[in-house]
Amino acid sequence: MKFPEDDPLAEFLRQHRMPTPPAAAGLEDQIMAAIDLSDASNVIPLRRSRRNPWLFSVGAVAAGLVAGLISYRTLSPAPVSQAELSRLASFMENNWQNTMGDTSDEEFISTAN
Amino acid sequence: MSLSVAVPIAPHQQREEDSDRTLVQQCIQGDSQSFRLLYRRHQQRVRAILYQLCDADALDDLVQDVFMRAWRGLPKFRQTAQFSTWLYRIAWNVASDHRQAGAKSRDRLNVLKQHVPKQQDAADVMHLHYQDLVQRGLKHLSFDHRTVLVLHDLEEVPQKEIAEILEIPVGTVKSRLFHARAAMRQFLQKEGVQL
């Protein structure tokens, strides 16, 4: 749609438009430097965003399994050897016999009195 | 017998002749020097649009903002659209944001002082007066009307492209242009300018 009646207006506006101030010296280089900087700062977030969230959960499960295994190995008692078992058995027998023997003697003595 | 000699084209000269589309592709692949060429091609017009829509104080910052946004947005740029249309839309967005931030208008008197030469004749004075009137007339318009008038009458952007830049129907562009011109004509008449 043309506005022929407005041609003088458009012409007037174009003729008397305020001239655009020139760019500051070095603006182009400044913009290009900012672009290079933004590229450098974008590297880390981009890589982070590409990580698969499943990797974190798999890692957490694996770490839990390792921790459980280590605690099981350290906290559970070590297997008892045959020699230790026989020593324990003789210790219990001796103690038991001593206990019974002493008690029966005392009882015997006390009843005898 | 005519001899045809193939004149080798220097790489930089070849790049100067590349289309916007080609340069955009190279930018997306990380070639910032192609973006420098795009900047050189379009900065003057972007600068002019921003100047007519905003004040001159922050002009360099606004231009930088436009091209930074463009660089960051290039991967999302649809190749079906024209790069210039897309870039002018970014410029318009930056101008809108700047306006909404409540930036103060520059004192017109300072602008006049900057442009007044030491020795001038009457014609120069009238020209400066008209420049001031045009600038004040543009400020007198609503932002929507001003945008359409600047793009169409000052930057001579076709109405169809303006519709794409502003993402409005062509009919709305025509309507805004009609009202913007009417308001501008009224303002100028009130200031004693007969067109």
Side-chain angles (χ1 to χ4, degrees), chain A residues 1-70, chain B residues 27 30 32-33 35-36 39-40 43-45 47-52 56 59-61 63-68 70-72 108 111-112 114-115 126-135 137-138 149-150 152-156 159 170-171 173-175 177-178 181-182 184-185 188 193-195:
Chain A
M1 183 174 158
K2 288 277 182 187
F3 297 88
E5 70 280 10
D6 283 315
D7 282 348
L9 174 68
E11 184 59 34
F12 180 84
L13 295 178
R14 274 193 289 273
Q15 197 179 343
H16 299 294
R17 64 183 293 175
M18 199 68 86
T20 308
L27 179 65
E28 180 181 321
D29 290 334
Q30 186 182 320
I31 291 173
M32 295 310 295
I35 282 169
D36 289 340
L37 269 179
S38 77
D39 274 359
S41 62
N42 278 342
V43 170
I44 294 170
L46 277 175
R47 281 183 183 167
R48 276 182 184 162
S49 65
R50 282 175 190 164
R51 282 182 182 169
N52 190 342
W54 282 102
L55 288 178
F56 291 105
S57 52
V58 169
V61 170
L65 284 174
V66 170
L69 189 64
I70 289 171
Chain B
C27 288
S32 59
Q33 289 309 309
F35 193 72
R36 188 187 285 271
Y39 169 84
R40 287 178 183 167
Q43 66 92 18
Q44 192 55 45
R45 209 163 185 194
R47 192 173 184 81
I49 291 170
L50 287 171
Y51 178 61
Q52 299 299 339
L59 192 55
D60 282 346
D61 290 341
V63 171
Q64 177 163 343
D65 195 8
V66 168
F67 282 95
M68 288 299 294
W71 172 257
R72 291 196 200 104
R108 298 315 311 160
V111 176
L112 273 177
Q114 274 191 352
H115 293 288
M126 283 310 292
H127 179 59
L128 288 169
H129 174 62
Y130 288 149
Q131 276 187 341
D132 183 50
L133 282 184
V134 168
Q135 204 67 12
L138 287 172
L149 196 70
V150 165
H152 190 269
D153 283 355
L154 296 186
E155 297 304 323
E156 300 179 66
Q159 292 181 3
V170 179
V173 173
K174 289 176 178 173
S175 165
L177 186 59
F178 176 80
R181 282 174 164 177
M184 178 58 95
R185 204 183 309 108
L188 292 173
V193 178
Q194 296 296 327
L195 294 169

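A note on names: the letters A, B, ... follow the listed sequences, proteins ahead of strands, and every chain is numbered from 1.
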Q: For B:Tyr39, enumerate each residue passing the ring pair (Phe, Tyr, Trp, His ring centres under 6.0 Å) test, keeping only those at least two apart in sequence or located in another chain.
A: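 Expected list: B:Phe67.
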Q: Under 4.5 Å, counting heavy-atom pairs only, tell me which of B:Gln44, B:Glu156, B:Gln43 racks up the most with chain A.
A: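 Of the options given, most contacts go to B:Glu156.
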Checking [X] against chain A: side chain, backbone, both or neither under 4.5 Å from a heavy atom?
{"X": "B:Val193", "result": "side chain"}
{"X": "B:Leu59", "result": "side chain"}
{"X": "B:Leu149", "result": "side chain"}
{"X": "B:Leu188", "result": "side chain"}

Indicate the atoms forming the closest heavy-atom contact of [X] with [Y], along with that distance.
{"X": "B:Val134", "Y": "A:Phe12", "answer": "CG2-CE2, 3.8 Å"}
{"X": "A:Arg17", "Y": "B:Gln131", "answer": "O-NE2, 3.4 Å"}
{"X": "B:Asp60", "Y": "A:Ala24", "answer": "OD2-CB, 2.9 Å"}
{"X": "A:Asp36", "Y": "B:Ser32", "answer": "OD1-OG, 3.6 Å"}

Q. Can you tell me if B:Arg36 uses its side chain to pair, donor with acceptor, with the backbone of A:Glu28 under 3.5 Å?
A.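 Not at all, since once roles are kept as given, no pair shorter than 3.5 Å links the two residues.
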Q) Okay, side chain of B:Arg181, backbone of A:Leu9: is any donor-acceptor separation there less than 3.5 Å? A)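 No, because the side chain of B:Arg181 does not come within donor-acceptor range (under 3.5 Å) of the backbone of A:Leu9.
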**Q.** Distance (rounded to the nearest 0.5 Å) between A:Leu13 CG and B:His152 NE2
**A.**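 Nearest 0.5 Å value for the CG-NE2 distance: 12.0 Å.
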Q. Rounded to the nearest 0.5 Å, how far does CZ of B:Arg72 lie from OG of A:Ser38?
A.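 Separation between the atoms: 5.5 Å.
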Q. In terms of ring plane angle, is the pair B:His127 and A:His16 parallel, tilted or perpendicular, where the classes change at 30° and 60°?
A.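 Ring orientation, 0 to 90° scale: tilted.
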Q. Partners of A:Gln30 by side-chain contact (heavy atoms from CB on, under 4.5 Å), sequence neighbours excluded?
A.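 So A:Gln30 forms a side-chain contact (heavy atoms from CB on, under 4.5 Å) with A:Leu27, B:Gln64.
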